[in-house]
Amino acid sequence: MADGPRMTLQTMLVLQVLLSDPAQRRYGLELCEKTRQHPGTVYPILARLEREFGWLERHEEAPAEHLAEGRRARHYYLLTDEGAVKARAALDRAERSRAHR
């Protein structure tokens, strides 16, 4: 397994939003809005960051939160402490690499 995900522009955008406030949990559609990407792009990135690399924790919203609003449960994503460190390092490397092209 690699040290981290392939740093596509889309992955970089997701990580930048997550790192803008690493202690804040974010739900998938919120990340789609903030990165201006489609769910079909964002959700696979989140899944890889969680399952393959362990950079994210995922938590399902409590029923009391979503049932009162009449909507489906949201899944919230939060960078782990180690994930935040690795994400910052990966972004720094990717940005330096892009700057030298």
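The structure displayed is predicted, hence computed values, not measured ones. FYI, side chains are in, hydrogens and waters are out, and symmetry mates aren't considered; it's all heavy atoms of this structure.
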Student: Given side chain to side chain contact (heavy atoms under 4.5 Å, CB included), test D21 with R26 step by step and report yes or no.
Tutor: CA-CA 10 Å; D21 186 354; R26 309 264 187 183; 3.9 Å; yes
Student: Is it the case that one hydrophobic cluster holds both L49 and L19, taking links as side-chain heavy atoms less than 4.5 Å apart, direct or via other members?
Tutor: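 As far as the 4.5 Å side-chain criterion goes, L19 and L49 are connected within one cluster.
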Student: Is any side-chain heavy atom of V17 less than 4.5 Å from a side-chain heavy atom of L13?
Tutor: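 Not touching, per the 4.5 Å side-chain cut-off.
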Student: Count the heavy atoms of every other residue, nucleotide or ligand shown that sit under 6.0 Å from CD of E82, and state whether that count exceeds 12.
Tutor: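 No - once you tally the heavy atoms of other residues, nucleotides and ligands closer than 6.0 Å, there are 12 at most.
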Student: Which pair of non-hydrogen atoms, one from L18 and one from Y77, has the smallest distance, and what is that distance?
Tutor: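 Closest approach of L18 to Y77, heavy atoms only: CD2-O, 4.4 Å.
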Student: Would you check if P22 and R88 make a side-chain contact, meaning some heavy-atom pair closer than 4.5 Å?
Tutor: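 Contact flag for P22/R88 side chains = yes.
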Student: Count I, L, V, M, F, W, Y as connected when their side-chain heavy atoms are under 4.5 Å apart, and connections chain through other members. Are F53 and V85 then in the same cluster?
Tutor: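 No, F53 and V85 fall in different hydrophobic clusters.
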Student: Would you check if L56 and L78 make a side-chain contact, meaning some heavy-atom pair closer than 4.5 Å?
Tutor: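 SC-SC contact between L56 and L78 ruled out.
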Student: Taking Y43 for its side chain and L29 for its backbone only, find out whether a donor-acceptor pair lies under 3.5 Å.
Tutor: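 Flag set: sc Y43 to bb L29 pair under 3.5 Å.
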Student: Quick one: CZ on R51 to CG on L46, what's the gap to the nearest 0.5 Å?
Tutor: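 Spacing of CZ (R51) from CG (L46) equals 10.0 Å.
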Student: Taking all heavy atoms of P39 and all of P44, pick out the closest pair and write down the distance.
Tutor: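 In this case the closest contact between P39 and P44 is O-CD, 3.7 Å.
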Student: If you look at every heavy atom in P5 and W55, which pair is closest and at what distance?
Tutor: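 In terms of heavy atoms, the two residues are closest at CD-CH2, 3.4 Å.
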Student: Give me the atom names and distance for the closest heavy-atom approach of V42 to G28.
Tutor: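 Minimum heavy-atom separation between V42 and G28: CG1-O, 4.3 Å.
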Student: Looking at R71, I want to see if its CZ is surrounded by more than 12 non-hydrogen atoms of other residues, nucleotides or ligands under 6.0 Å.
Tutor: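 Yes, enclosed.
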Student: Contact between M12 and E95 at the side-chain level, heavy atoms closer than 4.5 Å - yes or no?
Tutor: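 The answer is yes, as the side chains (C-beta and beyond) meet within the 4.5 Å cut-off.
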Student: Within a reach of under 6.0 Å around CG of D81, are more than 12 heavy atoms found that belong to other residues, nucleotides or ligands?
Tutor: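 12 or below, so no.
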Student: Heavy-atom distance under 4.5 Å between the side chains of Q10 and T35, does that happen here?
Tutor: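 Side-chain contact under 4.5 Å: no.
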Student: Starting at CD of Q24, measure out to CG of L79 and round the result to the nearest 0.5 Å.
Tutor: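 It is 11.5 Å, given to the nearest 0.5 Å.
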Student: First locate atom CZ of R74, then atom CZ of R25, and finally report the distance between them rounded to the nearest 0.5 Å.
Tutor: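 Answer for the CZ-CZ pair, R74 versus R25, is 9.0 Å.
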Student: Can you check whether K86 reaches T80 side chain to side chain, under 4.5 Å on heavy atoms?
Tutor: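 A side-chain contact under 4.5 Å is absent here.
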Student: For R6 and T11, work out which heavy atoms get closest and say how close.
Tutor: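 Minimum heavy-atom contact is O-OG1, 3.6 Å.
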Student: Which heavy-atom pair separates E61 from Y76 by the least distance, and what is that distance?
Tutor: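 Heavy atoms of E61 and Y76 come nearest at OE2-OH, 3.6 Å.
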